[in-house]
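Read the structure below first, then the notes.
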There are 2 protein chains.
Amino acid sequence: MKKSATTIRDVAAAAGVSVATVSKYMNGAQRFSATVEARLKEAVEQLGYRSNPLARSMITGQTRTIGVAILDIRNPHFTNIVKGANRIALQHDYTLLLVDTEESGERERSLIESLAQRVDGMIVSSRMPDDSLQWLVDLDKPVVLFGRSERFPLTSVGTDGYLAAYMLASHLVNMGHQRLAYLGFARSRWNDERIRGITSCLQSSGLSLEVHDAPAPSAAAGERGCSAIMLGPNPPDAVICYNDLIALGFMKEARGLGLRLPQDVSVAGFDNVPYGEYASPALTTMDLQSEKMGELAMTKLIKRLGGMGEPDSEYTNLEPRLIVRESTIRRTASPVQADADSNGSRNPAVNAAS
Amino acid sequence: MKKSATTIRDVAAAAGVSVATVSKYMNGAQRFSATVEARLKEAVEQLGYRSNPLARSMITGQTRTIGVAILDIRNPHFTNIVKGANRIALQHDYTLLLVDTEESGERERSLIESLAQRVDGMIVSSRMPDDSLQWLVDLDKPVVLFGRSERFPLTSVGTDGYLAAYMLASHLVNMGHQRLAYLGFARSRWNDERIRGITSCLQSSGLSLEVHDAPAPSAAAGERGCSAIMLGPNPPDAVICYNDLIALGFMKEARGLGLRLPQDVSVAGFDNVPYGEYASPALTTMDLQSEKMGELAMTKLIKRLGGMGEPDSEYTNLEPRLIVRESTIRRTASPVQADADSNGSRNPAVNAAS
DNA sequence: ATGAAAGCGCTAACAT
DNA sequence: ATGTTAGCGCTTTCAT
């Protein structure tokens, strides 16, 4: 069983039939005389033959593989998307070819271009702004994009980021918060619409938003961002983070700074990643239905692959939902007094060293 | 730009040369006369030609793709492995073909078998016991396995699970714990050695271990397991979980049950997933160096792919490391009275069951 | 330095 | 029901 794999010709010879017959047999394309069928079965088992998918693909023009490009496999949001997409793919006998574009920085485009050649279709999550997506269209492969493209006829799925942000801000305002900060991630495609949603909500209450930026959409970045926001002269009483990861990091650092959560500051994020629930205080977040997004994207893609339909620009919107947990709390009227048990001072600047 | 992609023949025609020349040009195999080179360049750009990797693979027998089979893409442990593996792969111009075997239940084997045909080599994480891995060897593809195989000549990397478990138990014993429970996951390949490690450590202190089993290696399963363990007649004062996910779920549920962590019960896990750090109390865990494992596995595999070396049974052991955080605490002398809140409780989560 | 031709392993007409 | 044959798009001797 060492050297080169057995080919269709070996089987044909062993069974005393032609390669065409073997091919048809392997694909279950038709029935055969009992004799032939038996010999075929025997030969295949004997030789342990499995047809070469590459050769098959060359002819059929199908790889039965779907490319999925995500920004960071360590972000549970994407991981959920992949899980959902994979579930559907499996049902239709497709395999996922995964590319983590963040790992390679600005090679995003070239990675996806080369991915395109090895798959029947792609699901892509991009960091590029909408207007620099022409090349994606030019690939001329069925694609489903996360986040609507205004400019190009790309099938897409997503949740309304403006609305989600508005809802979250609304919740915070209703809870009596007055000084809101946003710890965003400018390089994302969604950052702007989230800012717009929050701002617009705040404006209708005569409030304004203090915008900060994290260097990455990760917990570590959230930690770094915390002190600059919370230890200034006029700290916010609630902060919305670009995503749950940043929020989790922010909360950890805030605790380290001596702040009490959520009494001293309410914190919320986006994505509803699994671990927000297990943090303490459990994280309030906007559920963007990641897993469903993955399923939906894959369903659409597969449908298109089957029907060979035109590229449409159909955009499907999933409903965002607010998940209130423990990290956001009603702001009491007087911001002055906290409670007596330990150090009553809410000024955290004291032990900010570490 | 609609229909079938441009082929090497189109380019040859456009440049007025033979396909062989185009092929050599594309592969940078040699230099050409300035004229030809210029025309080639022109033609390729004009037509937007990219050579078809499938056709190429058929001839060269190489796909430049590496298969990675993991048990669950939602488990950060595996996600870290993939991240590490991907980093190395990228450096060597390989692409990852990912398969999440848990998603498909018992199809693990057939999924991996079909994966094997599309890749140059594989990195696999399996749930099968060591003695039912013969088929993996028979695939006759370069493979790196996570977790040593005693029986087969499979290259592998891992951390010493026995040692890791022993270390963790040791820590707990040193902290004065007496009644230890283990919430394991029996279907894992590593469960037994962890039990052995813990037991063996406890025995040398005259202690015994109460073993429970979770239905899945997930946070949800950890939640379910909690009450059965903690609300019995003789609850443990420390519990070691099969992994961090289970531990995280366990802690959440314990809090919900009204227990105070870590005063009422110390909790620890394995893997050192990123979110243990952001939980509160932060989770004590054994760092198994997931990301490093991924890097190492990929490095080994690629080396083998290059050298076409024999399948060796080299096993590389990574060092486990204990990460003590807040979820394990020293047990005070009297196990009777736990409620004396005299020690400055830094954790206000007493009645957090919102 | 460049080209002709023989396949890689398979499928898809088109015979028989 | 089974076989013949012509490629899929490319690389690779081997000529020239």
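Chain letters run A, B, ... following the sequence lines, proteins first, then strands; residues in each count from 1. For the numbers below, each heavy atom of this structure counts, side chains included, while hydrogens, waters and symmetry mates do not. Predicted model, so just to flag it, every value in this text is computed and none were measured.
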From C:dT2, D:dG3, C:dC10, nucleotide with atom closest to B:Val36 side chain:
C:dT2
Over how many whole Å does the gap from B:Leu40 atom CG to C:dA1 atom P extend?
14 Å
With heavy atoms under 4.0 Å as the rule, sort A:Thr7 into base, sugar-phosphate or nothing.
sugar-phosphate
Candidate nucleotides D:dC10, C:dA12, C:dT11, ranked by approach to the side chain of B:Asn52 - the nearest
D:dC10
Of all the nucleotides listed (C:dA1, D:dG7, D:dT11), which has the minimum atom distance to the side chain of A:Ile59?
D:dG7
Counting any heavy atom closer than 4.0 Å, what does A:Tyr49 reach on the DNA or RNA strands: base, sugar-phosphate only, or nothing?
sugar-phosphate
B:Thr65 and A:Arg118, any side-chain heavy atoms less than 4.5 Å apart
yes
Short side-chain N/O contact to C:dC10 OP1/OP2 from A:Ser23, under 4.0 Å
no
Round to a whole Å and report the spacing from CZ of B:Arg9 to P of C:dA4.
12 Å
Nearest to the side chain of A:Arg56 - C:dT11, D:dT12, C:dG9?
C:dT11
Carboxylate-amine/guanidinium proximity below 4.0 Å for A:Glu37 and A:Arg31
yes
Side chain of B:Ser18: nearest nucleotide among C:dA4, D:dT4, D:dT11?
C:dA4
Counting any heavy atom closer than 4.0 Å, what does B:Ser57 reach on the DNA or RNA strands: base, sugar-phosphate only, or nothing?
nothing
Salt bridge or not between B:Glu106 and B:Arg127? Use side-chain N to carboxylate O under 4.0 Å.
no
Charged N-O contact under 4.0 Å between B:Arg107 and B:Glu113:
no
Per A:Ala20 side chain, nearest of listed nucleotides C:dA5, C:dA13, C:dC10
C:dA13
Are A:Glu295 and A:Lys83 ion-paired here, with the side-chain N under 4.0 Å from a carboxylate O?
no
Quick one: B:Asn27 CG to C:dA1 P, roughly how many Å, whole number?
17 Å
Could you check how far CZ of A:Arg50 sits from P of C:dG9, rounded to whole Å?
17 Å
Provide, to the nearest angstrom, the distance between the CD atom belonging to B:Gln62 and the P atom belonging to C:dC8.
18 Å
Could you tell me the separation between the CD atom of A:Glu37 and the C1' atom of D:dT2, rounded to a whole number of Å?
13 Å
Of C:dA1, D:dT2, C:dG9, the nucleotide closest to the side chain of B:Met58 is C:dG9
From D:dT13, D:dT11, C:dG9, nucleotide with atom closest to B:Lys24 side chain
D:dT13
Just the rounded figure in Å: distance from C1' of D:dG3 to CZ of A:Phe32.
12 Å
Regarding the side chain of A:Ser51, the nearest nucleotide among C:dC10, D:dT11, D:dA1 is C:dC10
